[in-house]
Amino acid sequence: MCGELRAANAGQHVVLMGWVNRRRDHGNLIFLDLRDRSGIAQVVLDKELTPEGHLKGEQVRPEYVVAAVGKVRLRGKDAINPKMPTGEIEIEATELRVLNDTKLAPFSPAEDAIANEEVRLKYRYIDLRRAEMQRNFWLRHEITRSIRESLSNQGFLEIETPILCKSTPEGARDFLVPSRIHAGEFYALPQSPQIFKQILMISGFDRYFQVARCFRDEDQRADRQLEFTQIDLEMSYPRRDHVFGVVEKFCAAAWAAAGITLPTPFPRITYDEAIRQYGSDKPDLRLPGLTDVRSAFPDGSLDTLQIDPALPIVAFRIPAVGELSRKEREDNHPLFDQKKGAKFIDDFKRLAKSFPDTVTKIRELSGAAEGDYLIVVAGDPAHHIKASDTKFEGRLSEREINVYMAAGNFRSELAKKYADRHKAFQLTDELVQTADPRSGNKLDGSNAFHPIWIVDFPMFEYDLASGKWVPAHHPFTAPYEADMANLTTDPASVRADCYDLAMNGLELGSGSIRIHRKDVQQQIFASLGISEDEAKQRFGFFLDALEYGTPPHGGIALGLDRIVMLLAGASSLREVITFPKTAKAIDLMADAPTTVSDQQLRELHLKITQRS
RNA sequence: GGGGACGUAGCUCAGUUGGUUAGAGCGCUGCCCUGUCACGGCAGAGGUCGCGGGUUCGAGCCCCGUCGUCCCCGCCA
């Protein structure tokens with residue numbers, strides 16, 4: 001392989017095959033940089049040594065596929081290129097064969113400048129030749145392999161589950177697959193192997209995992225594709241801590257595969273605390289969180305400032321942003337979500353005119369340093385949004401959550417915007433870029449990656465649109481024993497034994513201890529307003545299975561694409577998925593989706609009634 | 001479904017207040033060059049300014065619509 005040759009290989013006869021990365025023609029001497037997956041090696045075509053090879057060298061162009069036959073030789077002292085791993089040697093060619101020519105590519109994989117994404121996706125095969133992409137997918141392979149190995153070593157069996165499933169209209173929209181054999185009936189692609197993996201526990205497989213492709217027909221985001229891969233696992237007789245231990249182990253292995261150490265165990269935080277401290281259920285711990293600054297506001301000031309006294313008042317700071325002009329601050333206003341019934345104060349000079357002590361105290365409480373961008377978020381009494389303010393002992397009300405979330409979202413938007421000033425994210429970028437997994441050395445990831453378990457989620461959320469309680473996780477999640485009594489009386493107070501894993505502001509995974517008793521399952525369905533008939537129709541087979549000696553079980557699923565994205569330092573999943581879809585769910589290379597022939601439709605008993 | 005950014009040469013981008021023939025770098029083509037490695041030198045080709053309409057004496061620039069890509073909200077148990 002091109003990139004593997006070193007001084008120790010000098011004298012060896014080699015045949016190198018690859019793409020012409022660059023050509024430097026000096027007349028009677030031509031240099032070709034030959035590229036394959038492993039890297040680049042320089043081939044020298046000397047007219048005196050190989051007139052025929054030299055002639056072909058004059059004809060080749062970048063991205064031609066060629067074979068160079070020759071001898072590895074040490075370069076002269078002056079000719080050594082310290083920037084290349086293979087810089088100490090070159091191939092003295094005796095022969096050059098053109099294996100294939102090429103049309104002029106729309107962009108060059110050898111260039112540093114990256115073409116726009118539309119072009120990259122259309123010519124994905126060329127884009128994937130770029131060293132960065134080659135590295136991303138090599139990394140993905142290594143990460144996946146280390147996770148497989150870690151889970152296997154922890155006694156987990158990799159088991160496949162069906163892709164053609166039964167549609168269960170819960171959660172995300174299903175992708176449907178029409179049945180040819182059964183007119184008018186459909187399979188669904190799995191949103192996750194949830195029910196199957198639980199049934200595998202009932203089947204006695206104890207510990208299961210799968211690198212599972214999942215499908216959700218929802219709108220895309222930078223961190224969401226229609227089609228994605230989960231590390232899905234389930235185990236029998238676990239407590240939450242067992243699941244955490246398993247995940248922490250394979251995460252450490254995955255990070256190690258990327259050349260980074262990830263300290264375990266991961267810290268934990270309850271859902272309520274995550275909301276209170278970060279205004280998010282996937283907090284980014286790389287920056288300071290929210291501070292309760294209620295005490296900074298004297299009696300009476302809230303009325304003047306038109307702040308709702310019943311709701312939280314919090315401050316956050318984005319470090320080292322520097323002085324912002326009035327216009328710069330105003331440009332940031334659209335980043336604040338007005339719809340949550342919250343407002344913010346970012347003009348402290350103005351606030352200081354009426355309440356100088358308040359400003360001093362806010363700075364003190366939040367630990368703001370000179371140059372930090374400071375924001376206060378509070379409830380807006382004028383802006384009454386429809387939300388339940390029912391408050392249960394010790395739990396956050398929906399309106400409180402809204403204020404915290406408004407602050408949390410604003411915080412992460414501003415953090416993103418001023419990333420080059422506070423430099424907290426740069427640390428992560430630099431680490432993944434410096435890490436060299438192949439060398440075997442591991443860099444310390446403790447300052448760049450901040451995993452955190454979120455626990456004690458509410459079991460239910462109140463859905464304003466339907467006026468119903470809906471499961472915050474999924475309907476197979478076990479409630480806390482202690483909260484079971486409140487199931488019908490106080491649904492909002494019931495905590496679920498489920499957990500999320502978040503890292504650097506990204507949700508990496510989500511899981512729970514499941515319900516293993518049919519009576520409990522039926523109670524949950526009842527409190528969700530799902531009738532017995534309905535439950536039977538949707539999940540009948542699963543409810544049946546629950547009756548045949550179901551062991552207590554639980555598990556989790558982690559987004560593999562997101563893990564790879566983090567470790568590749570990518571800002572979008574598309575950088576770590578070979579053939580991704582666009583934001584409008586289109587495959588630009590293959591041109592999918594498309595219409596199909598009438599013949600195909602007839603076979604599937606389908607009729608298109610409207611074509612926009 | 002909604003909000004925002006972008007769309008100019010193969011690629012990356014500039015294009016002033018609406019004003020003559022739309023520019024640069026890279027790439028491409030041809031010629032020259034024996035130590036380059038982002039090689040260098042000389043010459044050259046290359047444009048439906050996303051598309052459609054409007055305003056105007058005149059539109060890459062202003063207005064309306066539309067398409068595409070990206071980001072966000074909704075949505076994602």
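Lettering of chains follows the sequences in order, A, B, ..., and the numbering in each one begins at 1. Small disclaimer: the values here were computed from a predicted structure and weren't measured.
Qualifying salt bridge (charged side-chain N to carboxylate O under 4.0 Å, His left out) partners for A/Arg130, counting only residues two or more places apart in sequence or in other chains: A/Asp127, A/Glu132. The side chain to side chain donor-acceptor pair (under 3.5 Å) test applied to A/Arg517 returns A/Asp519, not counting sequence neighbours. Judged as a side chain to side chain donor-acceptor pair (under 3.5 Å), and not counting sequence neighbours, the contacts of A/Glu92 are A/Arg73. Residues satisfying the salt bridge (charged side-chain N to carboxylate O under 4.0 Å, His left out) test with A/Lys518, not counting sequence neighbours, are A/Glu547. Residues passing the salt bridge (charged side-chain N to carboxylate O under 4.0 Å, His left out) test with A/Arg61: none are found, sequence neighbours excluded.
Ranked by how close their nearest RNA chain B nucleotide is to the 5' end, A/Leu29 and A/Phe107 are led by A/Phe107.
Listed by first and then second residue, the salt bridge (charged side-chain N to carboxylate O under 4.0 Å, His left out) pairs involving residues 191-200 of chain A are A/Lys197-A/Asp232, A/Lys197-A/Glu234 (not counting sequence neighbours). Among residue pairs with one or both ends in residues 26-47 of chain A, those qualifying as ring pair (Phe, Tyr, Trp, His ring centres under 6.0 Å) are A/His26-A/Phe31; sequence neighbours excluded.
For the pair A/Leu176 and A/Tyr187, the minimum side-chain heavy-atom distance is 4.5 Å or more. At least one side-chain heavy atom of A/Leu528 sits less than 4.5 Å from a side-chain heavy atom of A/Phe460.
Side-chain nitrogen and oxygen atoms of A/Arg120 include none within less than 4.0 Å of the OP1 or OP2 phosphate oxygen of B/U12. For B/A38, the OP1/OP2 oxygens have a side-chain nitrogen or oxygen of A/Lys83 closer than 4.0 Å.
Contact annotation for A/Arg514: no contact, since no heavy-atom pair falls under 4.0 Å across all strands.
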Write down the protein N/O and nucleotide N/O pairs, taken from nucleotides 26-30 of chain B, whose separation is under 3.5 Å; answer none if there are no such pairs.
| residue | atom | partner | partner atom | Å |
| --- | --- | --- | --- | --- |
| B/C26 | O2' | A/Glu111 | OE2 | 3.3 |
| B/U29 | OP1 | A/Arg61 | NE | 3.0 |
| B/G30 | OP2 | A/Arg61 | NH2 | 3.3 |

Under 3.5 Å, which N/O atoms of the protein pair with N/O atoms of nucleotides 2-5 of chain B?
none

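You'll find that the side chain of A/Ala222 is closest to B/C71, out of B/C75, B/C37, B/C71. Of the candidates B/U36, B/U34, B/C71, B/U34 carries the atom nearest the A/Asp46 side chain, counting heavy atoms from C-beta on. The side chain of A/Gln42 lies closest to B/C37 when the candidates are B/C37, B/C70, B/G68. Picking from B/G35, B/C37, B/C70 the nucleotide with the shortest atom distance to the side chain of A/Asn81 gives B/C37.
Across all strands shown, the partner of B/C57 is B/G19, judged by Watson-Crick or G-U wobble contacts whose two distances both fall under 3.5 Å.
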